Structures are given as C-alpha cells and as structure tokens.
Amino acid sequence: NITTRSAAKTQGTLVALGGGNEERGISARSGGKGSDDSSYRIYGKYFERNDHRLASGATARDGAGRWQAGFRTDWERATRSLTVQGDLYTGNVDNLGGARDIAGGNVLARWRAQTSADSEGMLLAYYDRTEREHAGSFREKRDTVDVEYQQAFHRLGRHEVVVGGGYRASHDRTVNTPVLGFMPAERTLALASLFAQDEVALSAKLHATGGLRAERNSYTGVEWLPNLRLAYSFSPQHVAWAALTRTVRSPSRLDRDLVVPGMPPYVVVNNDGFKSEIANVAEVGYRAQLAPRVSVSLTAFHHQFHDLRTLEVAGPTLAFANSGEGRTTGIEGWGDFAVARDWRLVWGFTRLHEHYRIDPGHTDVQNNNLGNDPKLTASLRSLWNVTRGVELDVAARYIAALPNPRVPAHTVVDLRAGYRVSREVELSLLVGNLLNRRYSEIGTPAERAVFERTAFLKVTWTP
C-alpha cells in the first residue's frame with residue numbers, strides 16, 4: 001500500500017541534488033493552487049547507480065538508471081474529493097545477459113463522497129502500460145485496467161460495515177526467444193472480486209471483525225478468502241487481539257504458461273493444472289502504551305502452507321507442480337521510546353522458525369530453497385535533533401545467516417547527518433555501511449554481490 005501526500009500539502013518548489021561513490025540523482029517538484037478547492041503538483045527525477053562487485057572482484061553487471069516524471073491534482077469540498085495522478089518512466093538495469101530496459105506509464109483517478117451522514121463511498125480506476133525487454137531472453141508489453149468500488153456504513157447500531165467489489169484485466173504480449181517463452185504468447189488475465197466486512201462492538205471492550213472476499217481468477221476460478229479478528233481493550237493503553245485468515249497466491253503466467261527454452265525441444269513444459277498456493281494464518285498480538293513516551297507491539301504467528309510450487313519430472317521433461325507444504329512459527333515486535341523531546345529510539349525484531357517438506361513420492365529437482373530465510377532480524381534507529389538546524393540519525397540492523405545457499409550473518413550501521421544552512425537550503429550526508437564490513441545478502445558464492453561503504457551528499461533547496 002503506497003500512500004503519497006496530497007497536492008495541498010506539497011505546495012511551492014523543491015529541488016534536490018545529490019551524488020556519491022555509488023549513486024547520483026536529481027529531483028524537482030513544484031506545487032500550486034488551481035482554485036480555492038483544488039491543488040496540483042508536478043515532479044521529475046533521475047538517478048543512476050554503479051555496478052556492484054562480486055565476491056571474486058568481478059563486476060556484477062547490475063548498474064541502473066531511471067527517469068520518471070508525473071503529476072497529481074486534488075479537488076476537495078466538504079463531502080467530496082477527487083484525485084487524479086499519473087507517472088511516466090523509462091529506465092534500464094544492466095545484466096550479465098544484456099541490458100534490461102523498462103518503460104511505461106500509469107494514470108489513476110480516485111473519487112470519495114460522503115453519501116449520507118453515516119456512510120461514504122470510494123471509486124477507484126487505474127490504467128497501467130508497461131514495456132520490458134531483457135536482452136536475449138524476454139520481451140513483454142502489458143496493459144492493465146483496474147476498477148474498484150467500496151461503500152462504508154458507519155454506526156449501524158453496534159456495526160460498521162464495508163462492502164465492495166473490483167475487476168482487473170491484464171493483457172500481455174510476449175515474444176518467445178531461444179531462452180524462454182510462454183504458451184500462449186499472448187493472454188488476458190482477469191481478476192474479479194466481491195467483499196464484505198462487519199466490525200461489531202460485542203461490548204465496550206471487546207470488538208469482533210469478520211470479513212469474506214470472493215476472488216475469481218482466470219486460472220483456478222473462485223477462491224474464498226475469509227478473515228476473523230477479535231480485539232480486547234483492557235484499557236485505552238492496552239489492547240490484545242487475535243486473527244484467523246486464509247489467503248492464496250493464484251497462479252501467474254510463470255506457473256502455468258512458461259516453457260524453457262522458447263522453442264522445441266522443451267526442457268520445462270507448461271502446466272495448465274497448476275493450483276493456487278494456500279496459506280492459513282493464525283496470529284495473536286498485544287499493543288500497549290507503557291508510558292507517555294514508550295509504546296510497544298508484539299505479535300506471535302503461525303502459518304500453514306499447502307500446494308507450494310515445486311519443479312518436478314514430467315515424463316522426458318520438467319513442469320511446475322504443487323507438491324510442497326510447510327509451516328512457519330515466530331514472533332515479531334517493535335517499540336518506540338521518546339528518550340527526550342528531541343531524541344527517539346525505534347526498534348524492531350522478527351524471530352522465525354520454518355519447516356518445509358515435499359509430498360511423499362515427489363521430488364523438487366530445482367531445490368527451490370523453501371525456508372531460505374534468516375531466523376532472526378533486528379533493527380534499532382536513533383533519531384536525534386541535536387539543535388534546531390542539525391539532525392543526526394543512526395540505524396543499525398542485524399540479519400542472521402541464510403541456510404541454503406549459506407550466506408553469513410551481517411550487521412550494518414547507516415548514518416544520516418542533516419544541517420539546515422538556511423530556511424531554503426539543507427545539506428545532508430548519508431553513509432551506508434558505516435563500519436565498512438563487507439557483506440552479501442543472497443545468492444551463491446560465485447554470483448552474490450558484495451556491499452561496501454557508500455556515501456551520498458545531498459542538497460535540498462526550497463525557495
């Protein structure tokens with residue numbers, strides 16, 4: 001869920017220019033008033049990033065560059081609002097097999113209206129065009145249209161009800177190559193949904209929320225996605241909650257239609273029987289304001305997975321199938337501590353235990369590394385306004401080792417120092433991997449990128 005600030009909150013001009021040993025970029029934004037009840041902004045930005053290095057010292061061939069420009073307009077009145085926004089972009093990412101070029105654009109319109117004293121509606125429409133080419137292996141043009149409507153009814157006795165529905169259609173045209181292809185090469189995938197949710201106050205302290213979404217996709221038909229949540233408030237500062245959810249990952253073109261190579265004889269063949277991957281999720285949590293300056297949230301979770309994707313022998317060829325299953329159990333938490341008026345500490349962690357297996361009688365020939373996740377991640381950020389014009393932020397994160405292929409655990413410390421030269425000009429220095437401990441995040445030893453210390457100096461001007 002990506003939320004941007006309204007045009008009314010980004011008035012005036014902003015220009016930012018920065019560069020460092022790994023990345024350079026520039027961005028500009030200008031906003032203004034169209035009338036008493038409308039605002040607008042336009043923007044443009046560009047960045048380019050150098051190649052990383054592999055552990056062997058060779059280049060990773062992953063340098064990138066991207067241009068992007070767009071606009072947003074907002075009309076707001078007492079009971080109605082309308083947002084229209086759009087973006088255009090073009091870019092490329094280098095690759096060992098050749099450049100990966102991408103270009104496209106999108107436009108979105110969102111209308112909200114209070115339809116009565118206790119209800120409001122929202123209508124959203126979206127169009128996206130994307131063109132991608134991975135030199136020598138893949139080319140695609142895709143058009144996506146999405147429409148969604150929802151209606152919220154507040155204070156229906158002890159109930160708050162939300163109902164709605166949506167429809168998305170995505171049409172792609174691909175070009176098969178000697179490396180890979182899709183059968184058919186052109187397809188339209190549609191996703192239609194209806195949903196309803198009811199939040200009811202069972203008592204002054206106990207609230208229950210029940211929801212059901214029905215989604216119909218082009219591959220597996222209707223999928224039912226229920227959700228049930230309970231929340232109990234011991235006091236305004238202490239809340240315990242629990243949730244049960246069923247969700248799915250419906251098949252994509254890669255699961256159903258991929259062939260390798262893109263022409264006979266095939267090594268990997270398409271499988272029109274591939275099913276949705278299923279997750280049944282149970283969660284319990286606790287949120288508290290322990291003191292005026294201290295808040296904390298803890299969540300324990302258990303996920304059961306069924307019909308996970310595997311790559312199996314299908315006669316003389318291979319095909320994707322649904323022969324994996326597993327579970328994850330863990331706990332995650334975050335906290336916020338305002339040490340002083342100008343100094344905050346924010347922390348978080350996730351502890352995870354995973355177990356996956358392949359159904360008896362089946363073999364996953366790709367060894368797709370189900371469960372290749374760190375058992376522990378943790379972070380701590382210090383946000384300090386040293387003086388009225390000086391900021392000093394430090395962030396540390398720890399990532400435990402990955403099991404297969406094994407990647408060592410690493411701790412990274414990043415720093416940001418900001419100095420407001422004047423009301424119009426701010427300088428900031430960002431240093432990534434401050435301690436300069438070389439680390440990798442994923443991949444086999446022969447192909448994993450190595451991260452070293454980076455520095456980036458930025459100037460922001462708001463005339």
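As a basis for the values below, the full set of heavy atoms in this structure was taken, side chains included, without hydrogen atoms, waters or symmetry mates. Note that the structure is predicted; figures quoted are calculated from it, not measured.
Here Arg309 does not pair with Asp364 in a salt bridge; the nearest charged N to carboxylate O distance is not below 4.0 Å.
Within the 4.5 Å cutoff, no side-chain heavy atoms of Leu225 are placed close to those of Phe195. Using a 4.5 Å heavy-atom threshold, the side chains of Val386 and Tyr419 count as separate. Asn271 places none of its side-chain heavy atoms less than 4.5 Å from the side chain of Glu312. With a 4.5 Å cut-off on side-chain heavy atoms, Arg41 and Gln85 do not count as touching. Counting heavy atoms from C-beta outward, Phe451 and His52 have side chains that approach closer than 4.5 Å. Between Asn436 and Glu452, the closest side-chain pair of non-hydrogen atoms falls below 4.5 Å. At a threshold of 4.5 Å between non-hydrogen side-chain atoms, the residues Leu318 and Val313 count as touching. With a 4.5 Å cut-off on side-chain heavy atoms, Gln68 and Tyr43 count as touching.
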**OP:** Kindly determine whether Ser250 and Glu215 satisfy side chain to side chain donor-acceptor pair (under 3.5 Å), including the steps that lead there.
**Re:** CA-CA 10 Å; Ser250 56; Glu215 287 189 350; 5.8 Å; no

**OP:** Using the side chain to side chain contact (heavy atoms under 4.5 Å, CB included) rule, take Thr174 and Arg253 through it: C-alpha gap first, then chi angles, then the decisive distance, then the call.
**Re:** CA-CA 11 Å; Thr174 64; Arg253 289 272 268 153; 4.0 Å; yes

Original post:
salt bridge (Lys or Arg N to Asp or Glu O under 4.0 Å) between Asp414 and Arg397: does it pass, once the steps are laid out?
Top reply: CA-CA 9 Å; Asp414 300 326; Arg397 64 184 185 275; 2.8 Å; yes

Subject >> Leu392 and Val390: CA distance, side-chain angles, deciding distance, side chain to side chain contact (heavy atoms under 4.5 Å, CB included) verdict >> reply: CA-CA 7 Å; Leu392 184 63; Val390 177; 5.7 Å; no

Subject >> Test side chain to side chain contact (heavy atoms under 4.5 Å, CB included) applied to Thr454 and Asn433, step by step >> reply: CA-CA 7 Å; Thr454 62; Asn433 193 12; 5.9 Å; no

Original post:
Should Arg357 and Glu325 be marked as a salt bridge (Lys or Arg N to Asp or Glu O under 4.0 Å) after you check the CA-CA gap, both sets of side-chain angles, and the distance that decides it?
Top reply: CA-CA 6 Å; Arg357 74 180 187 92; Glu325 62 178 47; 3.0 Å; yes

Subject >> side chain to side chain contact (heavy atoms under 4.5 Å, CB included) assessment of Thr59 paired with Arg53 >> reply: CA-CA 5 Å; Thr59 176; Arg53 291 286 171 179; 3.9 Å; yes

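At a cut-off of 3.5 Å, with distance as the only test, no side-chain donor of Asn106 or Tyr89 sits close to an acceptor on the other residue. Looking at Ser193 and Arg213, their side chains do bring a donor and an acceptor atom within 3.5 Å of each other. There is no side-chain donor-acceptor pair under 3.5 Å between Ser170 and Asp172. Between the side chains of Asp74 and Ser6, no donor-acceptor pair is found at a separation under 3.5 Å.
For the atom pair NZ of Lys275 and OG1 of Thr220, the computed distance is 10.5 Å after rounding to the nearest 0.5 Å. The distance from atom CG of Asp336 to atom OG of Ser295, rounded to the nearest 0.5 Å, is 4.5 Å. In this structure, the separation between CG on Asn50 and CG on Asp94 is 11.5 Å, given to the nearest 0.5 Å. Rounded to the nearest 0.5 angstrom, Ile42 CD1 and Phe71 CZ are separated by 11.0 Å. Note that the CD atom of Glu23 and the CD atom of Glu48 stand 9.0 Å from one another [nearest 0.5 Å]. Between the OG atom of Ser440 and the CZ atom of Arg448 there is a distance of 5.5 Å, given to the nearest 0.5 Å.
The local environment of CH2 in Trp461 is sparse, with at most 12 non-hydrogen atoms from other residues, nucleotides or ligands closer than 6.0 Å. Heavy atoms from other residues, nucleotides or ligands lying under 6.0 Å from CH2 of Trp384 number 12 at most. Within 6.0 Å of atom CE in Met122, more than 12 heavy atoms from other residues, nucleotides or ligands are found, so the atom counts as buried in its surroundings. In this structure, Arg139 places its CZ atom where only 12 or fewer heavy-atom neighbours from other residues, nucleotides or ligands lie under 6.0 Å away. Heavy atoms of other residues, nucleotides or ligands lying less than 6.0 angstrom from CZ of Arg129 number more than 12. No more than 12 heavy atoms of other residues, nucleotides or ligands lie within 6.0 Å of CD1 in Ile442, so this atom counts as exposed by the packing criterion. For CZ of Arg173, the number of neighbouring non-hydrogen atoms (other residues, nucleotides, ligands) closer than 6.0 Å is greater than 12. Few gaps surround CZ on Arg420; more than 12 heavy atoms of other groups in view lie less than 6.0 Å from it.
With His171 as reference, Glu186 is the one residue of Lys141, Glu186, Arg187 to meet the side-chain contact (heavy atoms from CB on, under 4.5 Å) rule.
In terms of heavy atoms, Leu308 sits closest to Leu370 at CD1-CD1, 4.2 Å. What you find for Leu457 and Ser428 is that their closest heavy atoms are CD1-O, 3.4 Å. In this structure, Ala214 and Val222 approach most closely via the heavy-atom pair CB-CG1, 4.5 Å. Smallest separation of non-hydrogen atoms from Tyr398 and Ala409: OH-CB, 3.7 Å. Across Val407 and Gly443, no two heavy atoms sit closer than the pair CG2-O, 3.8 Å. Shown here for Ser323 and Thr310, the closest heavy-atom pair between the two residues is N-OG1, 3.4 Å.
Cation-pi contact between Arg132 and Phe138: absent, since separation from the ring centre below 6.0 Å together with deviation from the ring axis within 45° is not met.
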